[in-house]
Amino acid sequence: MWEKLIAFILVLLVIGSVAPVHAAEQKASTWQDEIIYFVMIDRFNNGDTANDYQVDSSDPSAYHGGDFQGIMEKLDYIKEMGFTAIWLTPIVNNEAKGYHGYWTEDFYEVEEHFGTLDEFKLLVQEAHNRDIKIILDLVVNHTGYEHPWLSDPDKHDWFHEDKPILNSNDQNLIETGRLAGLPDLAQENPEVREYLLDMAKWWIEETDIDGYRLDTVKHVPKDFWEDFSKEVKAVKEDFFLIGEVWHNDPTYVADYAKTGIDSFVDYPFYNEATRIFSSPDQAIGKYMNGIWQRNAVLYENPSILGNFIDNHDNKRFTRLAIEKDQDPVSRLKQALTYLYTAPGIPIVYYGTEIAMDGGEDPDNRRMMEFQDHELVSYISELGKIRQEYPALSRGDYELLLDQAGMTVFKRSDAEQSMLVAINNTTADQTVTMTNDMIEANQQLRAVLGEGIISGNSDGYVIRTSSESAEIFVIEDEEAQLMGMTSWVVGTGGLVIILGIVFLIVKRKKVKP
Ligand SMILES: [Ca+2]
Ligand SMILES: [Ca+2]
């Protein structure tokens with residue numbers, strides 16, 4: 001009986017110590033907490049040479065051999081870098097040379113270079129087993145150049161007439177013209193619309209993917225996207241839609257949020273971030289703060305936008321830095337720090353973690369080389385920090401200090417406040433955060449970087465070396481003290497309970 005009592009007390013103790021952690025884990029899963037790794041399937045990892053049909057790694061426009069099996073083998077690598085979701089380029093069957101996936105030949109078949117439908121399902125399952133979500137790239141604007149429907153007399157009205165998009169301000173032409181000469185689907189035709197909606201729903205039901213990255217959104221009419229969002233989101237709870245509206249005007253991009261698309265790859269963010277961080281001494285604060293302020297007005301939830309510094313359609317960030325005679329690794333560290341601490345979902349393009357070089361498409365799609373690299377560690381560290389401190393993914397953004405090449409901003413939610421200091425200059429900097437920026441009686445504990453900064457009568461003095469960044473959690477000294485007290489009390493309580501158990505057992509033993 002005593003053994004049972006002891007076991008019961010021990011169970012209570014275990015439950016008591018585990019419960020708070022469990023509660024923290026149960027926070028509502030929303031997409032703003034994700035960190036996305038973007039993979040071009042053909043260029044990532046060749047896990048199965050049996051599907052290497054006409055592979056030529058010396059030709060940048062040919063298949064290089066990457067496939068589902070290769071991604072599966074690297075899921076742990078992706079997970080360890082702190083990513084929680086993977087965006088994959090389209091997997092549908094493409095016509096010859098469609099290594100990138102954007103030249104559809106059959107909307108319902110899997111590209112044979114990548115593997116089979118069953119292999120893809122397994123990839124999704126293996127990702128889910130690791131708490132990684134899968135976002136699939138989907139193209140509904142156009143087909144490949146030689147799609148069989150083009151020669152099918154019954155499908156004549158499935159395409160718009162062949163005309164190029166010569167005027168980039170003519171929205172009707174943007175929607176009905178041929179992008180890069182690609183056959184443009186007529187979504188206003190009810191048969192086409194139904195086909196595309198059924199297809200989009202089928203992939204979710206069949207493979208259990210978690211989201212779509214929608215290609216060429218601005219080339220398809222908004223009323224199609226309204227139907228699309230409604231129908232597709234009804235298939236799976238919390239299904240995520242992130243659209244590509246490639247435009248520099250934030251109001252133009254934001255107008256598509258009315259269609260029900262949750263998020264967009266933020267090109268206005270990309271333009272400013274790459275310009276500012278690809279060389280030192282550029283002003284940061286006012287420009288990046290401007291992006292945030294505009295987004296905060298334009299979007300219901302600006303923290304769900306997708307931020308990036310690299311993608312498959314633009315020169316790699318490394319190339320931008322090289323063109324300015326800069327060291328790409330230190331430039332990337334600055335840019336990545338901002339990417340991971342600013343409001344918005346960080347999206348990292350494969351290869352950025354090894355500072356992969358690359359000019360315009362297709363040079364920006366070189367085959368991945370897996371290697372130890374300081375940026376792999378740096379990204380892992382940033383990922384850990386972003387996951388550990390939700391204020392970075394959910395909190396407000398407040399610019400505190402903005403001087404030539406140096407910025408300090410605060411990210412706060414109801415639970416915590418973080419301070420990010422980015423020294424984008426080639427000199428060491430010392431800045432003081434006055435008590436109207438950060439209240440007195442607090443301390444800054446570095447989570448990227450080292451040490452604790454206590455305040456003095458002037459405020460908090462932050463010293464940063466040239467081209468470096470630090471992230472702090474702002475802690476209330478009083479709260480710290482209370483935390484210590486509750487720990488002491490908690491530990492004391494445990495000692496007392498164990499003492500009682502000990503006495504009871506002892507008493508039982510001495511009984512005749
Ligand atoms: Ca292969
Ligand atoms: Ca179109």
Side-chain angles (χ1 to χ4, degrees), residues 39-59 62-74 88-89 91 93-94 97-104 107 110-116 118-120 122-123 138-145 147 149-150 155 157-189 191-193 195-197 200 214-228 243-247 256 259 261 350 365 367-368 370:
V39 167
M40 176 161 276
I41 301 173
D42 178 58
R43 303 299 164 89
F44 190 58
N45 188 30
N46 192 349
D48 181 5
T49 50
N51 57 29
D52 288 359
Y53 318 104
Q54 293 117 29
V55 158
D56 180 0
S57 52
S58 65
D59 176 0
Y63 279 96
H64 284 197
D67 45 39
F68 301 144
Q69 181 61 36
I71 298 168
M72 225 157 353
E73 287 167 11
K74 293 295 175 186
L88 296 172
T89 45
I91 63 165
N93 199 9
N94 265 232
K97 297 244 170 184
Y99 71 91
H100 42 66
Y102 297 98
W103 294 348
T104 307
F107 282 102
V110 169
E111 171 55 46
E112 66 269 21
H113 287 87
F114 301 158
T116 62
D118 281 340
E119 280 176 284
F120 180 70
L122 186 62
L123 168 60
L138 187 74
V139 191
V140 297
N141 175 60
H142 54 260
T143 65
Y145 293 100
H147 196 283
W149 293 343
L150 290 161
K155 299 277 195 299
D157 55 357
W158 280 44
F159 294 98
H160 293 129
E161 63 171 299
D162 183 358
K163 56 179 187 290
I165 304 172
L166 293 178
N167 179 355
S168 60
N169 292 318
D170 181 343
Q171 186 59 35
N172 185 49
L173 191 59
I174 289 172
E175 289 171 10
T176 59
R178 289 191 166 194
L179 179 67
L182 290 157
D184 201 63
L185 286 164
Q187 291 87 6
E188 69 277 11
N189 177 336
E191 281 181 56
V192 176
R193 182 171 293 223
Y195 180 94
L196 293 173
L197 294 177
L214 304 169
D215 187 62
T216 47
V217 166
K218 71 175 182 187
H219 296 284
V220 176
K222 287 197 175 88
D223 69 297
F224 174 84
W225 292 122
E226 282 169 17
D227 285 359
F228 182 94
E244 175 215 28
V245 180
W246 193 343
H247 204 285
Y256 283 87
T259 65
I261 298 175
Y350 84 93
R365 303 164 175 188
M367 197 70 188
M368 179 62 186
F370 297 91

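Whatever order the structure lists them in is the order used to number ligands and atoms, beginning at 1. Values below: all heavy atoms of this structure, side chains included; hydrogens, waters and symmetry mates excluded.
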So, A50 and the Ca ion (ligand 1): N/O/S under 3.0 Å, yes or no? no
Quick one: does any side-chain atom of D67 pair with a main-chain N or O of D48 as donor and acceptor, under 3.5 Å? yes
State whether Y99 and R43 meet the cation-pi test: NZ (Lys) or CZ (Arg) under 6.0 Å from the six-membered ring centroid, and within 45° of the perpendicular axis. yes
Identity of the N, O or S atom of E175 lying closest to the Ca ion (ligand 2): O
Nearest 0.5 angstrom please: E73 CD to N46 CG, how far? 9.0 Å
Within 45° of the axis and under 6.0 Å from the centre of the six-membered ring of F370, does NZ or CZ of K74 qualify? yes
Would T49 count as a contact for the Ca ion (ligand 1), in the sense that one of its N, O or S atoms lies under 3.0 Å from it? no
Check the angle between the aromatic planes of F107 and H147 and answer parallel, tilted or perpendicular using the 30° and 60° thresholds. tilted
Looking at D48, the N/O/S atom that lies nearest to the Ca ion (ligand 1) is called O
So does H142 have any N/O/S atom less than 3.0 Å away from the Ca ion (ligand 2)? no
Atom of Y145, atom of P183 and distance for their closest heavy-atom approach: CA-CD, 3.8 Å
Which angle, to the nearest 10 degrees, do you find at the Ca ion (ligand 1) between OD1 in N51 and OD1 in N46? 150°
Please give the atom name: the N, O or S atom of D52 nearest to the Ca ion (ligand 1). OD1
Counting backbone and side-chain atoms alike, is an N, O or S atom of Q69 positioned under 3.0 Å from the Ca ion (ligand 1)? no
Kindly confirm whether the Ca ion (ligand 2) is within less than 3.0 Å of some N/O/S atom in N141? yes
Taking the side chain from H160 and the backbone from R178, do they hold a donor-acceptor pair closer than 3.5 Å? no
Find, among atoms of H219 that are N, O or S, the one nearest to the Ca ion (ligand 2), and state its name. O
Any idea which N/O/S atom from D67 gets closest to the Ca ion (ligand 1)? OD2
In terms of the angle between their ring planes, are W149 and F159 parallel, tilted or perpendicular, with boundaries placed at 30° and 60°? tilted
